[in-house]
Amino acid sequence: MERKAMIAGNWKMNLNSKEAEELALALKKGLDVDLKHEVLLAPGFINLSIVKKIIGGLPILLAAQNMSWENKGAFTGEVSPIQLRDIGCTHVIIGHSERRHVFGETDVIVNKKIKAAIKNSLTPILCIGETLDERENQKTYRVLETQLKGAFEDLSEEQVSNIIVAYEPVWAIGTGKTATPDQAQDAHVFVRKELERLYGDDFAQSTRILYGGSVKVENIDQLMAQPDLDGALVGGESLKADKFLRVIHYQ
Ligand code: 13P
């Protein structure tokens, strides 16, 4: 089954409005509009509308990095799925490792947010991944299995049919220590098997699994050559236009 690749840039808590505007303009200028795969940008909340204005009309998708599971109300400091839709987001990153490990997001919270995203027609990009300690103690598969099961709790195959999964080993994020293509492929095969166990073969074969963690110009081509890597979720390297453009146009 053909899976359309996606290269996504997670800008995290970086860039002021002027810098975000400049980066979006440079990407717009350098993008091959006939690209066969998808490109997605995830700026911080305050830069979403600035970036949307620039990429509107281009084949670039817009995502938020997080959101509330509530639609509206007295939730100081939160941003709702309705607000994200209103500003032009089509996707939302859920359960990023920084949300899980710095802000204490649990699988229960991740599940609530996935449900809220789906209810509001936002495509979730579900992030999962093990820490170094878990990998060294042979717990990688168990962690991935638990995170997937938790995220998909009480959701039907139909509800999650468009979901995107991102495997981001915590030890590879922002460390310059990329998983080798073999390590990434191995984890992706495991994730796909788990997806099959949860929802069957069709679902597993059609669901895109992105890799994230120190994706760079130097390693994108080898990573994307792996059969079960359907794209990349790029942090640091997505902040520099020339580098991110090379990652987007991988070979
Ligand atoms: P880096 O590419 O900076 O390692 O970040 C990866 C990431 O967390 C993307 O969501």
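One-based numbering, in listed order, for ligands and for the atoms of each.
- Atom 9 (C) of ligand 1 has as its closest protein heavy atom Glu168 OE2, 2.9 Å.
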Applying ring-ring contact (aromatic ring centres under 6.0 Å, His included), run through Tyr167 and Phe190 and close with a yes or a no. CA-CA 11 Å; Tyr167 168 62; Phe190 178 81; 9.7 Å; no
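- For ligand 1, the atoms lying closer than 4.0 Å to a non-hydrogen atom of Gly213 are 4 (O), 6 (C).
- The distance from ligand 1 to the heavy atoms of Ala172 drops below 4.0 Å at these ligand atoms: 4 (O).
- Every side chain to side chain contact (heavy atoms under 4.5 Å, CB included) that Glu153 has, sequence neighbours left out, goes to Asn111.
- With a 4.0 Å heavy-atom cut-off, ligand 1 is reached by the side chain of Asn10 but not by its N, CA, C or O.
- Using a 4.5 Å cut-off on side-chain heavy atoms (C-beta onward), Val247 and Val217 make contact.
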Side-chain donor/acceptor pairs under 3.5 Å, residues 17-28, sequence neighbours excluded:
| from | atom 1 | to | atom 2 | distance (Å) |
| --- | --- | --- | --- | --- |
| Lys18 | NZ | Glu22 | OE2 | 2.8 |
| Glu19 | OE1 | Asn16 | N | 2.8 |

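- Counting only heavy atoms of the protein, atom 5 (O) of ligand 1 lies nearest to Lys12 NZ, 3.1 Å.
- The shortest distance between side-chain heavy atoms of Gln251 and Arg246 falls below 4.5 Å.
- Gln185 places a side-chain N or O within 3.5 Å of a backbone atom of Asp228 that can act as its donor or acceptor partner.
- On a distance-only criterion, Glu237 and ligand 1 share no N/O pair closer than 3.5 Å.
- Distances below 4.0 Å separate heavy atoms of Ser214 from the following atoms of ligand 1: 1 (P), 2 (O), 4 (O).
- Of the protein's non-hydrogen atoms, the one nearest atom 2 (O) of ligand 1 is Gly235 N, 2.9 Å.
- With a 6.0 Å cutoff to the six-membered ring centre and a 45° limit on the axis angle, Lys112 counts as a cation-pi contact of Trp69.
- In this structure, the protein non-hydrogen atom closest to atom 4 (O) of ligand 1 is Gly174 N, 2.6 Å.
- Some N or O of Gly236 is nearer than 3.5 Å to an N or O of ligand 1, by distance alone.
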